[in-house]
Amino acid sequence: MTEILSPPPTNSAFSAVAALGTAPRRPLAAVLGAVGIPMFMVTLDNLVVTNALPVIRTELNASLGDLQWFVNAYTLSFAALLLTASALGDRLGRRRVFVAGIAVFTLASAACALATDPGMLVAARVVQGFGGAAVMPLSLTLLSDAVPERLRSAAIGIWGGIAGLGVAVGPLLGGAVVDGLSWQWIFWVNVPIGVLVLPLVIWTLRESRGGGGRLDPVGLVLASAGVLAVVWGIVHGADEGWTSRGVLTALIGGAMLLAGLIGWERRAAAPMLAPRLFRIRAFGVANVVAFAFSIGVFGSIFLLAQFFQVVQGYSPLESGIRTMPWTMAPMVVAPLAGLVIDRVGARILLVTGQALLAVALAWMATVTAVDLAYSTFVTPLLLAGFGMGLTFAPLATVVMGAVPEADRSVASGTNNTVREVGVAMGIAVLASVFASYGAYTDPQSYVDGLVPAVWVGAGVVAAGALAAALLPGRITARESVS
């Protein structure tokens with residue numbers, strides 16, 4: 001089994017570790033398990049709930065508004081605290097905050113399973129989001145710290161494959177629960193995983209901190225409140241109208257708070273989000289690509305995933321199986337991308353990945369019809385899966401490689417926040433396009449709305465491919481001081 005040795009502390013701010021001294025040798029597989037299992041758990045939970053909503057609605061006597069909050073409560077708290085959790089990890093210890101996030105997520109999962117009314121489930125989902133916000137960005141930062149540079153790209157590729165596995169298993173597990181198991185098991189499954197992985201994390205990963213020793217409470221509040229307001233406005237825009245008072249207030253207020261965050265961070269003594277990061281071309285372009293990718297792909301997935309149920313009458317499990325060419329491909333392609341990225345370059349992989357996704361979405365928009373034969377969809381689904389696999393690992397590698405080690409936690413948190421805002425905006429915007437041309441009333445009306453919405457998604461992803469071409473040929477943290 002491959003062994004790795006954590007690098008000794010250096011003179012940089014990144015080397016301020018809670019447990020001083022050289023970390024013991026740990027198997028690479030243990031490191032990947034320690035960061036990958038919690039990340040998989042968080043990714044899985046975000047997707048698996050949607051397929052169980054009809055059952056939860058019946059058993060908890062939930063309203064349509066309650067169903068929306070079962071999803072949005074997690075999304076909002078998760079997105080709002082990604083940057084905050086990353087900053088706390090830099091100041092308080094990344095492993096410490098990561099462990100706390102796993103513990104909170106596990107306990108909140110048990111609370112979700114024990115919920116007996118909609119209010120209890122919504123509250124538990126909010127707390128789940130708090131825990132997930134600490135797990136997702138710090139898993140990548142801890143992985144980058146735990147492996148030597150020669151293995152980092154390959155390790156990030158495997159990490160991307162694990163993320164792809166969460167995407168793939170989510171619809172299948174959700175469908176299985178809907179078709180035969182209690183909905184509570186969607187949440188109960190997290191409990192033994194969380195309990196078992198905590199000792200592995202503590203044994204495997206060393207403690208580390210980022211730059212700066214003081215917290216930035218003003219920055220934390222501005223970032224959390226600003227992202228929360230923006231995401232809330234985006235999530236509710238499609239249903240309540242983009243010009244409604246509540247949505248406009250949230251969007252404008254969130255934009256003002258984020259503008260205030262930028263102004264504050266420029267003069268703060270210990271900024272939570274260093275403005276100099278956005279002067280790094282690779283980091284800025286990576287966030288633009290992540291945003292376009294999330295809008296176009298996840299907005300399209302939201303509608304395409306329902307096509308097999310609404311139009312062709314399949315059960316949730318049957319629909320999940322039919323999406324497997326798309327959802328399973330990334331778990332194979334992402335590790336392979338991680339292995340070749342140092343030879344081929346992130347720019348080529350990302351441009352190719354976004355181009356494949358744009359072609360796949362355009363293909364699906366072209367052939368979609370009420371009487372569509374599933375075999376017609378297989379090739380574009382596979383093409384989309386390959387494109388996603390060529391996105392996960394290279395994008396993470398760019399974000400981690402473009403910034404100094406001390407800034408990796410906040411860089412990861414920023415990129416995850418951008419992606420989450422993109423996911424929310426993609427679903428809201430493409431749902432608005434769908435509603436302008438179609439409806440859920442009958443199969444043909446659904447197709448009439450689906451086709452133009454997916455065309456919009458394809459266009460946004462194509463724009464992301466053009467942005468990816470602006471990446472420098474060689475990604476290096478030395479750019480950060482230019």
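Using a distance-only test at 3.5 Å, with no hydrogens or angles considered, no donor-acceptor pair links the side chain of Q128 to the main chain of A108. No donor-acceptor pair under 3.5 Å is formed between the side chain of S445 and the backbone N or O of A439.
V461 is not listed as a side-chain neighbour of F293, based on a closest heavy-atom distance of 4.5 Å or more. Counting heavy atoms from C-beta outward, W326 and L382 have side chains that stay 4.5 Å or more apart. In this structure the side chain of I156 reaches within 4.5 angstrom of the side chain of S144, judged on heavy atoms. Side-chain contact between W363 and V454 is absent, with no heavy atoms from C-beta onward closer than 4.5 Å. Considering only heavy atoms from C-beta on, M41 stays 4.5 Å or farther from V189 through its side chain. A heavy-atom distance below 4.5 Å is found between the side chains of L205 and V31. A 4.5 Å side-chain heavy-atom check between L138 and V97 finds at least one atom pair inside the cut-off. Residues R96 and L88 are not in side-chain contact: their nearest non-hydrogen atoms beyond the backbone lie 4.5 Å or more apart.
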Original post:
Passes side chain to side chain contact (heavy atoms under 4.5 Å, CB included), S86 versus D90? Steps please.
Top reply: CA-CA 6 Å; S86 299; D90 281 346; 5.8 Å; no

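With rounding to the nearest 0.5 angstrom, the CG atom of L76 is 11.0 Å from the CZ atom of R125. Within the model, atoms CG of L350 and CG of L390 stand 8.5 Å from one another, a figure rounded to the nearest 0.5 Å. If you take CG on L395 and CD on Q354, they are separated by 8.0 Å, rounding to the nearest 0.5 Å. To the nearest 0.5 Å, the span separating CE on M400 from CG on D145 amounts to 11.0 Å. To the nearest 0.5 angstrom, I158 atom CD1 is 7.0 Å from L339 atom CG. Within the model, atoms CD1 of I193 and CZ of F40 stand 6.5 Å from one another, a figure rounded to the nearest 0.5 Å.
The side-chain tip of R322 does not point at the ring of F377 from less than 6.0 angstrom away and within 45° of straight on.
The 12-atom threshold is not exceeded at OH of Y437, counting heavy atoms of other residues, nucleotides or ligands nearer than 6.0 Å. Atom CZ of F386 has 12 or fewer heavy atoms from other residues, nucleotides or ligands within 6.0 Å.
The heavy-atom pair separating A286 from V398 by the smallest distance is CB-CG1, 3.7 Å. The heavy-atom pair separating S412 from N416 by the smallest distance is O-ND2, 2.8 Å. Nearest heavy atoms, L143 versus L32: CD1-CD2, 3.9 Å.
In this structure, the ring pair (Phe, Tyr, Trp, His ring centres under 6.0 Å) partners of Y446, at least two apart in sequence or on a different chain, are F434, Y440.
Ring geometry for Y74 against F78 counts as parallel: the plane angle stays under 30°, on a 0 to 90° scale with 60° as the upper cut.
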